[in-house]
Novice: 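Take a look at the following structure, please.
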Amino acid sequence: MLSVFIIYMVKFNRFILNNGLRVIVHEDHTTPMAVLNILYDVGARDEDPERTGFAHLFEHLMFGGSVNIPQYDEPLQRVGGENNAFTTNDITNYYITLPAENIETAFWLESDRMLSLAFSEKSLEVQRNVVIEEFKQRYLNQPYGDVWLKLRPMVYKKHPYQWATIGKNIQQIENASIGDVKAFFKKHYNPSNAILVVGGNITVEKAKALAEKWFGPIPGGEKYRRDLPKEPAQQEARRETVSANVPLNDLYIAFHMPGRLEDGYYELDLISDILSRGNSSRLYRKLVKEKQLFSEIHAYNMGSFDSGMFVIEGKPLENVSVEEAEAAVWDELEQLKQYRVPDDELTKVKNKTESTMIFSEMSLLDKAMNLAQFELFGDAEMLNHETEKYLAVTAEGIKKEAQDIFRKENSSTLVYLAESH
């Protein structure tokens with residue numbers, strides 16, 4: 001099967017303010033919109049093991065108003081803007097989209113909360129209660145909601161990926177003091193620990209002037225130096241079975257895999273597509289359609305910056321034992337370990353990956369977030385070579401990674417058994 005790949009380049013300019021803030025500008029005059037994205041180099045992995053959930057709690061606190069702007073959303077809504085944020089184990093990311101003519105409002109809002117977030121017992125109490133409610137609703141009172149609270153500590157024994165972004169437990173969030181919160185802000189939320197991306201209908205000159213005006217006066221702060229414990233190689237299969245009030249049995253098998261910038265990452269990312277992307281993928285075709293063992297099954301990688309996690313998750317049909325379902329999954333993994341992936345199958349997943357990347361580069365916000373993340377990796381220009389990395393993957397490389405990763409002693413298996421009513 002012959003395939004022609006088109007590489008789309010994202011053009012950008014980069015400069016650094018005197019306080020250490022890295023700024024990237026992507027001009028796109030085909031749109032009337034603009035986006036301002038700030039990535040802070042802090043995630044759940046940077047938390048104290050006794051004070052987890054702080055990065056996520058902070059994401060909420062950042063919307064609680066700053067010293068000069070008591071209601072963050074009000075000025076933004078007046079100029080037709082929208083905003084949101086997300087926290088992962090690796091980063092915290094805030095973004096604003098709005099008509100380009102109103103871009104200065106976004107600079108004003110983001111710079112004010114970087115400089116002077118409003119810390120009050122009342123704000124902390126409000127956001128703490130919001131996070132506790134989220135913990136209960138999403139993680140404790142939802143079927144399979146506590147999976148990451150159980151699976152992460154099984155997979156990781158040393159590295160701080162062992163807890164989810166929500167935190168280890170509700171008590172640590174309840175006990176968060178105003179002093180703890182201020183110390184976390186001072187350590188991580190400063191220009192030297194942030195990357196600002198401005199995209200859309202704006203010139204580099206205007207972006208530079210606005211960045212200097214609004215962010216230039218903010219003290220740089222100390223650059224946080226990450227020194228996290230390395231996860232040792234797993235030497236034995238780990239397993240846990242829980243009975244829970246869930247509609248169906250559920251099976252999770254997790255494997256250690258290379259981190260985002262390590263050799264083997266791209267091979268394993270494509271393996272997840274070979275196994276479960278679309279109705280022609282192996283796990284769906286074999287285990288859902290042909291053998292009728294699962295109602296649904298998925299394979300995915302967490303995209304972690306440090307040593308990552310490759311997960312296979314499926315719900316066996318009610319008449320199928322967990323043992324039979326699990327054995328069938330391992331049979332499929334053995335196929336990948338023993339035989340080369342046919343060229344047409346590999347080409348198909350590469351085509352799908354390329355089309356996903358092209359579509360993501362049509363979105364102004366996606367481009368801004370991707371530029372920020374690759375700048376964090378070392379150089380935003382890496383974004384323009386992502387497709388090539390996937391295209392360079394070979395069938396031999398996939399077979400080798402499958403052999404390295406899909407071993408029983410590298411697996412952690414979590415089984416949910418549905419309680420009989």
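Just so it is clear, the model here is predicted, and its values are computed rather than measured.
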Novice: Is the F135-W148 ring centre distance short of 6.0 angstrom?
Specialist: no
Novice: In sequence, state the C-alpha distance, the side-chain angles, and the governing distance for S304 and D306, and then conclude on side-chain hydrogen bond (donor to acceptor under 3.5 Å, both in side chains).
Specialist: CA-CA 6 Å; S304 305; D306 297 331; over 6 Å; no
Novice: Can you tell me how far the CD atom of E174 sits from the CG atom of N169, to the nearest 0.5 Å?
Specialist: 8.5 Å
Novice: Would you say the side chain of F58 lies within less than 4.5 Å of the side chain of V181, judging by non-hydrogen atoms?
Specialist: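 Yes - at least one pair of side-chain heavy atoms lies under 4.5 Å apart.
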Novice: Is the shortest side-chain N to carboxylate O distance from R260 to E386 below 4.0 Å?
Specialist: yes
Novice: Would K352 and D273 pass as an ion pair if we require N to O under 4.0 Å?
Specialist: no
Novice: Tell me if a side-chain donor or acceptor on N19 pairs with a main-chain N or O of I218 at a distance below 3.5 Å.
Specialist: yes
Novice: Ignoring hydrogens and geometry beyond distance, is a side-chain donor-acceptor pair present between Y390 and D269 at under 3.5 Å?
Specialist: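 Yes, side-chain donor-acceptor contact under 3.5 Å.
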Novice: Anything under 30° is parallel, anything over 60° is perpendicular, the rest tilted; go ahead and classify Y161 against Y156.
Specialist: perpendicular
Novice: When the ring planes of F184 and H188 are compared, do they come out parallel, tilted or perpendicular, using 30° and 60° as the limits?
Specialist: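 Plane angle between 30° and 60°, so tilted.
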Novice: Could you tell me whether K208 and E205 make a salt bridge, using a distance below 4.0 angstrom between a side-chain N and a carboxylate O?
Specialist: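 A salt bridge is absent here (no side-chain N lies under 4.0 Å from a carboxylate O).
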Novice: For the residue pair P258 and L268, what are the closest heavy atoms and their distance?
Specialist: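 Smallest interatomic distance, heavy atoms only, reads CD-CD1, 3.4 Å.
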Novice: Taking atom types as modelled, is there a side-chain donor on E110 or W214 under 3.5 Å from an acceptor on the other?
Specialist: no
Novice: Given side chains that start at C-beta, do those of L115 and P219 come closer than 4.5 Å, heavy atoms only?
Specialist: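 Yes, side chains in contact.
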Novice: For the CD1 atom of I69 and the CG atom of L109, what is their distance to the nearest 0.5 Å?
Specialist: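 It comes to 4.5 Å.
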Novice: Is any side-chain heavy atom of N89 closer than 4.5 Å to one of M302?
Specialist: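 Side chain of M302 against side chain of N89, heavy atoms only: no contact under 4.5 Å found.
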Novice: Looking at E236 and R238, is there a salt bridge between them, counting it only when a charged N and a carboxylate O are closer than 4.0 Å?
Specialist: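 Salt bridge present between R238 and E236.
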Novice: I want to check something: taking the side chain as every heavy atom from C-beta on, are M33 and P99 in contact at a cut-off of under 4.5 Å?
Specialist: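 Answer yes - side chains close enough.
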Novice: Output the distance between atom CD (E231) and atom NZ (K158), rounded to the nearest 0.5 Å.
Specialist: 8.0 Å
Novice: Looking at K337 and E334, is there a salt bridge between them, counting it only when a charged N and a carboxylate O are closer than 4.0 Å?
Specialist: yes
Novice: If you measure from NE2 on H159 to CG on L228, what distance do you get to the nearest 0.5 Å?
Specialist: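 H159 atom NE2 to L228 atom CG measures 5.0 Å (nearest 0.5 Å).
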Novice: Under a 4.5 Å cut-off applied to non-hydrogen side-chain atoms, are L76 and N83 in contact?
Specialist: yes
Novice: Give a yes/no verdict on a cation-pi contact between R113 and F185, requiring under 6.0 Å between NZ or CZ and the six-membered ring centre and an angle within 45° of the axis.
Specialist: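 Cation-pi check for R113 and F185: fails.
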Novice: Quick one, Y94 and E59 - any side-chain contact, counting heavy atoms below 4.5 Å?
Specialist: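 Yes, their side chains come closer than 4.5 Å.
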Novice: Flag this pair as yes if the NZ/CZ of K150 is under 6.0 angstrom from the six-membered ring centre of Y252 and inside a 45 degree cone about the axis; otherwise no.
Specialist: no
Novice: Once you round to the nearest 0.5 Å, how far does CG of L333 lie from CG of L275?
Specialist: 6.5 Å
Novice: Validate the cation-pi geometry between K213 and F107: distance from NZ or CZ to the six-membered ring centre under 6.0 Å, angle to the ring axis within 45°.
Specialist: no
Novice: Whether E401 and K399 form a salt bridge (side-chain N of Lys/Arg under 4.0 Å from carboxylate O of Asp/Glu) is what I want to check.
Specialist: no
Novice: Determine whether the side chains of K223 and N193 contain a donor N or O and an acceptor N or O closer than 3.5 Å.
Specialist: yes
Novice: For the residue pair F86 and Y95, categorise the inter-ring angle as parallel (less than 30°), tilted (30 to 60°) or perpendicular (more than 60°).
Specialist: tilted
Novice: Is there side-chain contact between R407 and Q234, with heavy atoms separated by less than 4.5 Å?
Specialist: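 Sidechains of Q234 and R407: no contact.
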Novice: S192 and N190: side-chain hydrogen bond (donor to acceptor under 3.5 Å, both in side chains), yes or no, with the steps?
Specialist: CA-CA 6 Å; S192 61; N190 58 58; 2.7 Å; yes
Novice: Can you tell me how far OG of S295 sits from CD1 of I297, rounded to the nearest 0.5 angstrom?
Specialist: 9.5 Å
Novice: Go through the side-chain N and O atoms of N68 and S66 and say whether any donor and acceptor fall under 3.5 Å apart.
Specialist: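 No, no side-chain donor-acceptor contact under 3.5 Å.
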Novice: So do K389 and Y265 actually touch side chain to side chain, heavy atoms under 4.5 Å?
Specialist: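 They are not in contact (no side-chain heavy atoms under 4.5 Å apart), so the answer is no.
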Novice: Taking the basic N atoms (NZ, or NE/NH1/NH2) and the acidic carboxylate oxygens, is any pair closer than 4.0 Å for R226 and D90?
Specialist: no
